[in-house]
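The analysis underlying the following values was restricted to heavy atoms, covering all of them including side chains, and did not include hydrogens, waters or symmetry mates.
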Amino acid sequence: MRYNQMEVRLPSLSRVAVCGGTHGNELSGVYLVRELMRTATGAEAGGDVSVRAVLANPRATQLGRRYLDTDLNRCFTHAALNGPLSDAPPYEMTRARELDSPLGPKGSPRAVDLVCDLHNSTSNMGLCVIAFSDCDWICLHAFRYLQRQMPDIPVRYIHLDVKESFSLDSVGKHGFALEIGPQPHGVVRFDIYTAMKDGLQHTLDWVRLFNSGAVFEGGPVDLFTAVGHVDYPREADTQNIMAAIHPKLQDQDFCLLHPEEPMFQTFSGQTLRYNGSEPLYPFFINECAYYEKGVALYLARKRSVTLPTLRVHKKGHPANFVSVQEEEEEEE
């Protein structure tokens, strides 16, 4: 079998932003960013990399709440950042513009090279890299490096296939959320905090290696592309939920869910089954923060994406991709 081995050269990542407290009650990121601020030297990743630690939603963090007026992590669309504001705009709308100014502006050449936004989930998610692209080779190679450096914890890549990105990490030229759970909101667990700290350190290590000229070989990686979500069953008149996640599904994030398998159990004891037409992978199962959004769980398809070989772009070489090399493999 013949295949094309593509090599991509991309600019170095000289400015990195590490954000925590975008949701003020997700405390691993809050305490990790505070620790970075306390110990910052201006070159946390080494060499020519400047790392900026940002407490994204200080007012919500102070009050121990997810947000004050509206979800900050939905305020980074171009319309929200550039459209007219009301006379008394929600705090998070104003705060989003305050963040976009030093970290962006979003979509501009002046934006920071990489934004890593730290989040916690109450769901049994392990460590997840969440991004809006399935072909951002920076994010995907960093993800694969995390997988290899953290073999004792499940590390997965979630691709949000939407028309426009909306979260803080989308302000940078490259960006992703580093989400880890389970951890209750308003609580910090040291094991979860430590896993997030390790994941961030490995990410910064990868940035340092990339900038130094290390070659990251191409190859396949698995990712999960979100295809929809399911709400809790609700009473028609009151819209109150009438069922909980079924015990057999609870905590089974990223375990394949087949049609007719249990999904919900009503409060009167009836089992409600998954009525989809294909097996899919559930995640964010019973996430506390998503009750208000009408989401009991998300569903994803698992896909394989082939990464090109990646190295930093240096003077004298074209940016983006260069050569294509054909190789031979024997068919099994």
Side-chain angles (χ1 to χ4, degrees), residues 8-22 26-56 99 102-104 111-120 126-131 133 136-158 167-180 188 190-217 221 307 310-314:
V8 172
R9 298 177 190 258
L10 293 175
S12 63
L13 306 172
S14 61
R15 294 189 299 146
V16 175
V18 177
C19 304
T22 300
E26 297 178 9
L27 296 189
S28 292
V30 169
Y31 285 107
L32 184 48
V33 161
R34 285 175 174 168
E35 183 69 8
L36 289 174
M37 289 176 170
R38 187 181 69 82
T39 60
T41 64
E44 295 296 329
D48 59 350
V49 180
S50 171
V51 179
R52 178 171 184 166
V54 179
L55 189 61
L99 292 167
L103 302 183
V112 297
D113 298 303
L114 176 66
V115 176
C116 181
D117 194 22
L118 307 175
H119 288 265
N120 287 123
L127 182 66
C128 292
V129 172
I130 305 178
S133 174
D136 185 319
W137 309 131
I138 293 290
C139 295
L140 283 160
H141 269 283
F143 155 69
R144 188 164 71 162
Y145 185 80
L146 284 177
Q147 277 192 320
R148 292 174 173 175
Q149 297 299 314
M150 304 180 71
D152 296 331
I153 183 172
V155 181
R156 303 179 179 95
Y157 189 102
I158 298 174
S167 56
L168 174 54
D169 52 272
S170 69
V171 170
K173 295 185 181 74
H174 309 276
F176 56 82
L178 200 62
E179 181 111 28
I180 186 167
V188 60
F190 194 76
D191 58 339
I192 299 296
Y193 169 86
T194 300
M196 178 178 282
K197 184 177 182 179
D198 291 345
L200 176 60
Q201 186 58 59
H202 289 311
T203 299
L204 297 178
D205 289 344
W206 182 87
V207 170
R208 174 181 53 81
L209 288 169
F210 172 71
N211 287 348
S212 72
V215 177
F216 296 93
E217 297 296 333
V221 294
L307 306 188
L310 178 68
R311 68 175 71 190
V312 71
H313 165 59
K314 295 183 178 180

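Rounding to the nearest 0.5 angstrom, the gap separating the SG atom in C116 from the CG atom in L168 is 10.5 Å. Note: F210 CZ to L310 CG = 5.0 Å, rounded to the nearest 0.5 Å. Here I192 contributes atom CD1 and I180 contributes atom CD1; the two are 4.5 Å apart, rounded to the nearest 0.5 Å. Expressed to the nearest 0.5 Å, how far CD of Q201 lies from CZ of R208 amounts to 8.5 Å.
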Item to check | Intermediate values then yes/no, side-chain contact (heavy atoms from CB on, under 4.5 Å), R9 and V312 | outcome: CA-CA 5 Å; R9 298 177 190 258; V312 71; over 6 Å; no

Next on the checklist: Working note: L13 + V112, criterion side-chain contact (heavy atoms from CB on, under 4.5 Å); need CA distance, chi angles, decisive distance, verdict.
Outcome noted: CA-CA 8 Å; L13 306 172; V112 297; over 6 Å; no

Checklist entry - Hey, mind stepping through L209 and F216 against side-chain contact (heavy atoms from CB on, under 4.5 Å) and telling me if it holds? => result CA-CA 9 Å; L209 288 169; F216 296 93; 3.8 Å; yes

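With contacts defined as side-chain heavy-atom distances shorter than 4.5 Å, the pair L204/V16 qualifies. With contacts defined as side-chain heavy-atom distances shorter than 4.5 Å, the pair H313/L10 does not qualify. Proximity of R144 to L140: side-chain heavy atoms (C-beta onward) are nowhere separated by under 4.5 Å. In this structure, L146 and T203 have side chains that are in contact, with non-hydrogen atoms separated by less than 4.5 Å.
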Identify each donor-acceptor pair in which a side-chain atom of residues 27-34 lies under 3.5 Å from a protein atom, sequence neighbours left out, and give them as a table.
from: S28; atom 1: OG; to: N120; atom 2: OD1; distance (Å): 3.4
from: S28; atom 1: OG; to: N120; atom 2: ND2; distance (Å): 3.3
from: S28; atom 1: OG; to: Q183; atom 2: OE1; distance (Å): 3.2
from: S28; atom 1: OG; to: Q183; atom 2: NE2; distance (Å): 3.2

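Contacts classified as salt bridge (charged side-chain N to carboxylate O under 4.0 Å, His left out) and involving residues 190-204 (residues at least two apart or in different chains) are given here: R189-D191. The salt bridge (charged side-chain N to carboxylate O under 4.0 Å, His left out) analysis of residues 167-177, with sequence neighbours excluded, yields the pairs D113-K173.
Closest approach of M37 and A53 over heavy atoms only: CE-O, 3.4 Å. Heavy-atom minimum distance, F176 versus C139: CD2-SG, 3.8 Å. Nearest approach of G20 to D117, heavy atoms of both residues: N-OD1, 4.3 Å. Across all non-hydrogen atoms, the minimal contact from M150 to G199 is SD-CA, 3.7 Å.
Using a distance-only test at 3.5 Å, with no hydrogens or angles considered, a donor-acceptor pair links the side chain of R15 to the main chain of A111. Remark: side-chain polar atoms of Q147 are paired, donor with acceptor, to backbone N or O of V155 under 3.5 angstrom.
Ring orientation note: the planes of H141 and W206 are close to parallel, at an angle under 30° on the 30°/60° scale.
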